[in-house]
Amino acid sequence: MAANGDPALAALRIEVAAALFGAWSGTDLDGPRRYFADDGVLYDIIGGEHRGWPAIRAYFGRGRHRYPDLVLEPTGDFWSRPDGLAMLWTMSATQATDDLGPELTGRRWTVEGMSYLIFDELTVIREADYHDGGSRERSLRTPA
């Protein structure tokens with residue numbers, strides 16, 4: 001981890017980020033709530049911006065419905081600065097629909113991404129997620 005600022009605070013934020021991504025991987029739609037400010041913002045490069053927990057929860061619920069076995073897992077690469085933390089992660093799930101072709105239904109895809117979390121102390125006030133919209137299909141079409 002590269003740190004800029006208080007190393008102890010950076011370490012605590014890494015713990016929060018890991019717990020948050022664990023909650024995103026869980027089935028409790030309110031699991032990630034405890035890590036966000038009431039007026040927190042979730043921005044996803046593909047899914048847009050969602051302000052406040054009700055909007056974030058609704059967005060998360062749509063994703064969880066589409067991919068019930070979704071897993072978001074930090075890779076262990078973190079970079080910090082005084083207001084936040086950037087991190088690499090992988091996201092994976094089973095392709096449950098035939099929107100990419102029936103031959104891909106039931107296959108598991110894995111993609112890489114990066115997030116930047118802005119904090120107020122240990123509370124996330126903004127999460128920005130960056131990943132390639134075509135990577136899910138490329139993952140599914142890559143021979144196992």
Side-chain angles (χ1 to χ4, degrees), residues 1-37 39-53 55-97 99-101 103-144:
M1 173 196 68
N4 180 358
D6 180 355
L9 181 58
L12 290 171
R13 287 177 173 170
I14 288 171
E15 289 179 21
V16 169
L20 171 61
F21 275 62
W24 287 132
S25 299
T27 57
D28 178 3
L29 294 182
D30 288 309
R33 166 66 189 97
R34 67 178 161 204
Y35 305 104
F36 272 88
D39 59 350
V41 175
L42 173 66
Y43 170 77
D44 182 273
I45 194 153
I46 296 169
E49 186 168 279
H50 309 278
R51 294 183 166 273
W53 183 248
I56 293 169
R57 185 186 192 281
Y59 175 68
F60 177 44
R62 286 189 300 276
R64 178 57 63 193
H65 178 73
R66 187 170 181 188
Y67 301 111
D69 64 346
L70 180 74
V71 174
L72 286 154
E73 185 173 13
T75 66
D77 297 301
F78 296 93
W79 297 268
S80 71
R81 66 182 215 187
D83 68 340
L85 185 70
M87 61 189 279
L88 298 177
W89 44 261
T90 60
M91 175 172 53
S92 62
T94 302
Q95 181 67 20
T97 65
D99 62 321
L100 297 175
E103 72 280 7
L104 301 178
T105 303
R107 289 196 57 194
R108 190 155 188 89
W109 52 263
T110 301
V111 302
E112 297 177 332
M114 180 177 223
S115 292
Y116 185 71
L117 305 174
I118 299 174
F119 288 84
D120 178 6
E121 294 299 322
L122 295 177
T123 301
V124 176
I125 59 174
R126 181 176 176 85
E127 176 181 335
D129 300 330
Y130 300 94
H131 50 107
D132 175 4
S135 59
R136 177 175 53 101
E137 184 172 356
R138 281 192 306 278
S139 173
L140 288 166
R141 296 197 185 279
T142 300

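Here the structure is a predicted model, which means the values were calculated and not measured.
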Could you check whether any side-chain heavy atom of L20 comes within less than 4.5 Å of a side-chain heavy atom of V124, counting everything from C-beta outward? yes
Counterpart residues, side chain to side chain donor-acceptor pair (under 3.5 Å), relative to H131 (two or more places apart): D44
Return the set of residues passing side-chain contact (heavy atoms from CB on, under 4.5 Å) with T97 (not counting sequence neighbours), or none when no residue passes. Q95, D99
Would you call L117 and M87 a side-chain contact if the rule is heavy atoms closer than 4.5 Å? yes
Validation row: W109, R141 side chains within 4.5 angstrom (heavy atoms): no
Return yes if some donor-acceptor pair links the side-chain N/O of T75 with the main-chain N/O of D77 below 3.5 Å, else return no. yes
For R64, which residues count as a side chain to side chain donor-acceptor pair (under 3.5 Å) partner, sequence neighbours excluded? none
Is the closest side-chain heavy-atom distance between L70 and M91 below 4.5 Å? yes
What residue pairs, at least two apart or across chains, pass salt bridge (charged side-chain N to carboxylate O under 4.0 Å, His left out) with a residue in residues 15-31? D30-R57
Run the ring-ring contact (aromatic ring centres under 6.0 Å, His included) test against F119 and tell me which residues pass, sequence neighbours left out. none
So the side chain to side chain donor-acceptor pair (under 3.5 Å) pairs with at least one residue in residues 113-125 (sequence neighbours excluded) are R81-Y116, D83-Y116, W89-S115, S115-D129
Smallest separation among heavy atoms of A18 and P74, with atom names: CA-CG, 4.3 Å
By side chain to side chain donor-acceptor pair (under 3.5 Å), R138 pairs with (sequence neighbours left out) D132
With T105 via side-chain contact (heavy atoms from CB on, under 4.5 Å) - residues at least two apart: D98
On a heavy-atom basis, which atom in M114 and which in A86 lie closest, and how many Å separate them? CE-CB, 4.2 Å
Apply side-chain contact (heavy atoms from CB on, under 4.5 Å) to Y43 and list each qualifying residue two or more places apart in sequence or on a separate chain. I45, E49, R126, A128, Y130
F36 to G40 - nearest heavy-atom pair and separation: CD2-CA, 4.3 Å
Counterpart residues, ring-ring contact (aromatic ring centres under 6.0 Å, His included), relative to Y35 (two or more places apart): none
Under the 3.5 angstrom rule, does the side chain of S80 hit a backbone N or O of L85 as a donor-acceptor pair? no
Quick check: do L88 and E112 have side-chain heavy atoms less than 4.5 Å from each other? no
Does V71 have any side-chain contact (heavy atoms from CB on, under 4.5 Å) partners at least two apart in sequence or in another chain, and if so, which? S25, E73, S92, R108
Hey, could you give me the CZ/CD1 distance between R136 and I46, rounded to the nearest 0.5 Å? 8.5 Å
Measure the spacing between CZ of F21 and CG of L72 and express it to the nearest 0.5 Å. 6.0 Å
Could you report the tightest heavy-atom contact between I125 and A37, atom names first, then the distance? CG2-CB, 3.9 Å
Please give me the minimum heavy-atom distance between A8 and D6, naming the atom from each residue. N-OD1, 2.9 Å
Is the closest side-chain heavy-atom distance between L100 and L140 below 4.5 Å? yes
Could you tell me whether the side chain of F60 reaches within less than 4.5 Å of the side chain of H50, counting heavy atoms only? no
